[in-house]
> 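Have a look at the structure that comes next, please.
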Amino acid sequence: MTNEGHLEPWVAGLSSAARVVWAKHDFDTNDWLPLYRHMADSAAVATLLWDEWLPPQVRRLIADALPGGEDDARLLTVWLCCVHDIGKATPAFAGQVDVLADDMRANGLATPSRKQLPDHSYAPHGLAGQLILRDWLVTRHGWTERATHQLTVVVGGHHGVQPTNTGILAADKRPGLLRTPGNEQAWLDVQNELLDVAADRTGVTPRLAAWRDAKLPQPVQVLLSSLVITADWIASNPDLFPLFPNAGTRSRDPVRTREAWRLLDLPAQWRPREPRGTPAELFATRFALPPGANPRPVQEQAVEAARAMPAPGLMILEAPMGEGKTEAALTVAEVFAARSGAGGCFVALPTMATSNAMFDRFLNWLAHVPGMPQEAASVFLAHSKAHLNEDYLALMGGGVTLDLDRDGGDDRDSTSLIAHRWLRGRKKGMLASFAVGTVDQLLFMGLKTRHLVLRHLALAGKTVVVDEAHAYDTFMNTYLDRALTWLGEYGVPVVVLTATLPARRRRELVAAYTGDHGGHDHVEQARAHPLITTATPGAPANVLAPPASGRGTDVLVEPLADDLDTLGARLTAELVDGGCALVIRNTVARVHEAAAHLRDIFGEGTVTVAHSRFLDLDRAANDADLVAAYGPPGRGADRPARHIVVATQVVEQSLDVDFDLLVTDLAPIDLVLQRMGRLHRHPRGDDQAERPERLRRARCLITGVDWTTTPPEPVRGSRTIYGAHVLLRSLAVLRSRLEARTDAERTVRLPDDISPLVQDAYADDDALIPPTWKDEAEEARTAHEVTHVVRQEKADVFLLDEPKRPGRALIGWVDAGVGDADDSHKGRAQVRDTTESLEVLVARRSTDGTVTTVPWLPDERGGLELPTHTAPPSDAARALLASALRLPYQFTVGAAIDRAIEELEADMVPAWQTKDAHWIAGELVLFLDENDRAELAGHHLHYTRTDGLKATRAE
């Protein structure tokens, strides 16, 4: 099958009955498209996808499953794309439009009218096509019925859901849906004729006998299914392939295919080259290190370990905060991509905020990576609020042009990074070559959803980096492990980054990726930090312990009573000569409470808060301000002489901030260590001389605990979030330091103590638990184990099965799934054990009824008028969309959420629900008064730019 002149041989060889079989209809123009036209278009698109777009990593995986290698793989892909709609050559489908069915009746194909049709839902055209193709392979080519399923299911599932055995049996019991009773032979002849011509035109006829005994692995079936869907979507686009016959000159070949491909303008995939040179040379060129700077030992050994692996596989990189794990991962990803034939890279992070922070760094890396496409490379920011990211928006226009040194010499070339118009949205966006996004995009790979095969295709052609792996709970880890299992089957290289990881979890990651759930004792027994673990399926895992970089911090730990007066008095004493303190609370309510008290002592301008209950734009500005003020020396704004930041967990990860003193609520030990990583993170003069003298030793004060009880009792909010068991284990491993009297005994040495503390806290034994804690500890452990089982069972409900043995068809693959995966909060809750929270857009409504965006928004987006009689201007609508706010937990429990939605819906503006207001249509809007207050579901709400949202019960 070639791209040019592909239609004429079909027309010449087809009977009149085959020519009139109806395929699709445009009810606005009465244009209609014969089935053979769409078959030819789909085959031509598949040829171009294979030859010009598909990464070698994917092509090789399909080729390895077939006796004729890549030639067979190309033939099979094009043929399946060609025949995927054969189920439209049935009375069940064709009879749905009477005016077109008349033509078929006139050519000998008895077709019931729409009213006469039996229930055609038993044979949707995908399933009908699967059965027709099955019968054709059995009767005309001698296949066994069982052998056909691994190919025919690709046709049956081309609308995103693979048929089930129950569905197949139900359709088989209604043969009249496939061939009209009394006229069966005429229909059978047409179906066979179209399939015969398709086999002849694509060149598969001589290969069908050789494929009969092939056993296609399920990952190969998934990839073939996804390519059929992709080709179908492109060939079904009337802007690319106009309907026939009233389409003018573009209805003729070869112009039709060439013009469609030109208009689609699908960017080529990355063609990475093996990076040469020493790790030092690579880091200097990729990340613009200053002269004389060298990569850290863990970075160098990560690159060398990647090069030494027998094949690209899994690398788990455990290293302290600030050791350059991200740069190491991107360099390893480049090595892996060149050796595997990957066509892109995806970096997964825990949150939208961390994804946004990574996106700019990712683009900078791409600017220094050879092997980019000559004209354009596609980029995708994979989360639901990507449209608010200015860097990503810039890629939606003409793109960003990069100067590239393609040959390692002086002659430079250029390429463009673009957010391609066709490669956007929740189903196609991840097909872009390069993507950064929330880890949900990866977790969805293990969730039974419609069009799941497209997500698998997107990730099967990339290298994958999973950052902040310690940030995921039991529920998320269940989906992460299943995703890793499929990635291992695809041969996708994966780099997992973490600062703190329990040894058991390290072993679970290796087992999930390799499929080997025995052995790996040495992986779990390793206690070094930093640590590099490498694994490939079928080979023993390796563990390397690179030396630490020499950067380290000794942190003095001590308990602090959990009352505000004690907190205020201690900070007053510590900051007497100035300094910057970070106070981390585990709940927003505790942040507000502490901040209010500290402002009474230190003054309004000396205390800043940071948490998740800010408008999207405000939170982004807060993060930027924190990095500017407390980031590395010499960047951003001047560091305050004396200041206190009171924050929730939002400062734990991905914010490069440095404080002189830390006060933190008790948390799981790995998170406490993460928080300690914000202490003395950057050198400030020799021997920290630029810090106030009494703060030149790093100190962490642990609060949020009643220290007078046995065992000490964490505050209620912390227990609700983390569970008593994990918090007691954290207290147990810190107990000797918290009870010590000398500085030496109270010191936590980073990074040396990270692994011992984490491994002891997450060990199964209770050796560290004091006898006086026994009863409470056992009760907490039991509750923890019950919760773990419940979460595991909840996650298993929609969890995708592991790949079955080669040859086992994908029939019922996503049966009983969740429907469409959606990158909304509701969708993310499918792979995160969270309650569905309520998100609103926030506007201000004056007493005269005038509605505007809130006045303080940056970049001239504040105070824009939002007319209520018509759709707002696009700039105002987008500013409102950027003013999203997630309401607190009070609105997620009981009847509160229903009451809140009811009240918000009653206040909706009708003019904002039209297609002209597409930016905000369907969104709930919270209208604040001129004092930025509102009443909702029995609560007083008050929003301020300094503190975010406060909610109190009206009574």
Side-chain angles (χ1 to χ4, degrees), residues 321-322 551-585 590-591 593-611 622-648 650-652 655-665 672-704 737 743 746-750 946:
M321 299 68 74
R551 298 171 65 253
T553 305
D554 287 353
V555 181
L556 296 181
V557 178
E558 61 180 279
L560 183 70
D562 189 55
D563 67 89
L564 294 176
D565 288 337
T566 299
L567 174 67
R570 185 61 182 270
L571 289 177
T572 299
E574 298 292 350
L575 302 180
V576 64
D577 297 321
C580 298
L582 174 62
V583 178
I584 300 182
R585 308 299 236 188
R590 282 174 60 82
V591 167
E593 181 184 53
H597 184 79
L598 294 174
R599 282 175 180 149
D600 289 341
I601 299 172
F602 293 94
E604 288 285 336
T606 307
V607 180
T608 299
V609 304
H611 53 72
N622 291 346
D623 288 350
D625 290 345
L626 285 174
V627 173
Y630 306 103
R635 300 183 190 177
D638 291 336
R639 186 177 178 88
R642 184 170 76 162
H643 205 86
I644 302 168
V645 174
V646 187
T648 59
V650 296
V651 297
E652 272 179 10
L655 285 181
D656 188 5
V657 290
D658 164 34
F659 288 88
D660 304 318
L661 176 69
L662 172 65
V663 181
T664 177
D665 280 352
V672 171
L673 294 169
Q674 281 283 111
R675 296 173 185 185
M676 288 183 187
R678 275 59 194 157
L679 263 178
H680 291 215
R681 186 179 179 96
H682 299 293
R684 298 197 177 272
D686 295 336
D687 297 324
Q688 305 289 359
E690 295 178 10
R691 300 184 196 273
E693 184 175 355
R694 64 181 295 114
L695 300 179
R696 289 175 188 171
R697 292 204 66 176
R699 274 181 290 172
C700 172
L701 312 180
I702 295 181
T703 186
R737 292 172 173 84
D743 285 356
R746 291 192 289 120
T747 298
V748 173
R749 291 179 170 82
L750 304 179
T946 55

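The analysis underlying the following values was restricted to heavy atoms, covering all of them including side chains, and did not include hydrogens, waters or symmetry mates.
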> Using the rule side-chain contact (heavy atoms from CB on, under 4.5 Å), only one of Leu626, Val609, Ile584 pairs with Val645; which is it?
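Testing each of Leu626, Val609, Ile584 against Val645, the sole residue satisfying side-chain contact (heavy atoms from CB on, under 4.5 Å) is Leu626.
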
> Not counting sequence neighbours, which residues clear ring pair (Phe, Tyr, Trp, His ring centres under 6.0 Å) with His680? List them please.
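Ring pair (Phe, Tyr, Trp, His ring centres under 6.0 Å) check on His680 returns nothing, list empty.
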
> Which pair of non-hydrogen atoms, one from Gly704 and one from Asp562, has the smallest distance, and what is that distance?
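For Gly704 versus Asp562, the nearest heavy atoms are N-OD1, 3.3 Å.
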
> Step by step, work out the side-chain contact (heavy atoms from CB on, under 4.5 Å) result for Arg694 and Val576.
CA-CA 9 Å; Arg694 64 181 295 114; Val576 64; 4.0 Å; yes

> Does the side chain of Val583 reach to within under 4.5 Å of the side chain of Leu571, using non-hydrogen atoms?
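The answer is yes; the side chains approach within 4.5 Å.
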
> Set out, in order, the CA-CA distance, both residues' side-chain angles and the distance that settles side-chain contact (heavy atoms from CB on, under 4.5 Å) for His611 and Asn622, then state yes or no.
CA-CA 9 Å; His611 53 72; Asn622 291 346; over 6 Å; no

> How about Asp743 and Arg697: do any of their side-chain heavy atoms sit closer than 4.5 Å?
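Answer yes - side chains close enough.
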
> Is a side-chain N or O of Gln674 found less than 3.5 angstrom from the main chain of Glu652, in a donor-acceptor match?
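Yes, the answer is positive, given that a donor and an acceptor are paired below the 3.5 Å cut-off.
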
> What's the separation between atom CG in Leu701 and atom CG in Leu661, rounded to the nearest 0.5 Å?
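That separation rounds to 5.0 Å.
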
> Please list, chain by chain and in numerical order, all residues satisfying side-chain contact (heavy atoms from CB on, under 4.5 Å) with Glu693, sequence neighbours excluded.
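Result, side-chain contact (heavy atoms from CB on, under 4.5 Å) vs Glu693: Arg696.
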
> Can a donor-acceptor pair be found, under 3.5 Å and without considering hydrogens, that links the side chain of Thr553 to the backbone of Leu750?
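No, the answer is negative, given that no donor and acceptor are paired below the 3.5 Å cut-off.
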
> Would you check, one step at a time, whether the test side-chain contact (heavy atoms from CB on, under 4.5 Å) holds for Thr703 with Thr664?
CA-CA 6 Å; Thr703 186; Thr664 177; over 6 Å; no

> Rounded to the nearest 0.5 Å, what separates atom CZ in Arg585 from atom OG1 in Thr648?
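Going from CZ on Arg585 over to OG1 on Thr648, the span is 12.0 Å.
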
> For Asp625, check side-chain contact (heavy atoms from CB on, under 4.5 Å) against everything at least two apart and list the hits.
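For Asp625, no residue satisfies side-chain contact (heavy atoms from CB on, under 4.5 Å) once neighbours in sequence are set aside.
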
> Is it true that Arg675 and Asp665 make a salt bridge, defined as a side-chain N closer than 4.0 Å to a carboxylate O?
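Answer for the salt bridge query: no.
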
> Roughly how far apart are Thr608 OG1 and Leu582 CG, rounded to 0.5 Å?
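Rounded to the nearest 0.5 Å, the OG1-CG separation comes to 11.0 Å.
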
> Quick check for you: to the nearest 0.5 Å, what is the distance between Asp623 atom CG and Leu655 atom CG?
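Separation between the atoms: 5.0 Å.
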
> Among Arg681, Arg691, Arg678, His682, which residue meets the side-chain hydrogen bond (donor to acceptor under 3.5 Å, both in side chains) test with Asp658?
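With Asp658 as partner, Arg681, Arg691, Arg678, His682 yield a single side-chain hydrogen bond (donor to acceptor under 3.5 Å, both in side chains), made by Arg691.
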
> Just verifying a value: how many Å separate Thr606 OG1 and Glu604 CD, rounded to the nearest 0.5 Å?
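Interatomic distance, Thr606 OG1 to Glu604 CD, rounded to 0.5 Å: 9.0 Å.
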
> Determine, for Glu574 against Arg699, whether the closest basic-nitrogen to carboxylate-oxygen distance falls under 4.0 angstrom.
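Salt bridge between Glu574 and Arg699, a charged N being under 4.0 Å from a carboxylate O: yes.
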
> The criterion is side-chain contact (heavy atoms from CB on, under 4.5 Å); which residues satisfy it with Arg737, sequence neighbours excluded?
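Only Val748, Asp753, Leu757 meet the side-chain contact (heavy atoms from CB on, under 4.5 Å) criterion with Arg737.
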
> Which atom pair, heavy atoms only, marks the closest approach of Pro633 to Arg684?
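Nearest heavy atoms, Pro633 then Arg684: CG-NH1, 3.5 Å.
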
> With sequence neighbours excluded, tell me which residues meet side-chain contact (heavy atoms from CB on, under 4.5 Å) with Pro640.
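Cys580, Ala629, Tyr630, His643.
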
> To check you understand the geometry: which heavy-atom pair defines the closest contact between Leu695 and Gly579, and what is its length?
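Looking at all heavy atoms of both residues, the closest pair is CD1-CA, 3.9 Å.
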
> Sequence neighbours excluded and cut-off under 3.5 Å, please list the side-chain donor-acceptor pairs for residues 593-600, or say none.
{"from": "His597", "atom 1": "NE2", "to": "Leu564", "atom 2": "O", "distance (Å)": "3.1"}
{"from": "Arg599", "atom 1": "NH1", "to": "Asp947", "atom 2": "OD1", "distance (Å)": "2.8"}
{"from": "Arg599", "atom 1": "NH1", "to": "Asp947", "atom 2": "OD2", "distance (Å)": "2.9"}
{"from": "Arg599", "atom 1": "NH2", "to": "Val607", "atom 2": "O", "distance (Å)": "3.4"}
{"from": "Arg599", "atom 1": "NH2", "to": "Asp947", "atom 2": "OD1", "distance (Å)": "2.8"}

> If you round to the nearest 0.5 Å, how far is CG of Asp554 from OG1 of Thr747?
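Here the rounded value is 5.5 Å.
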
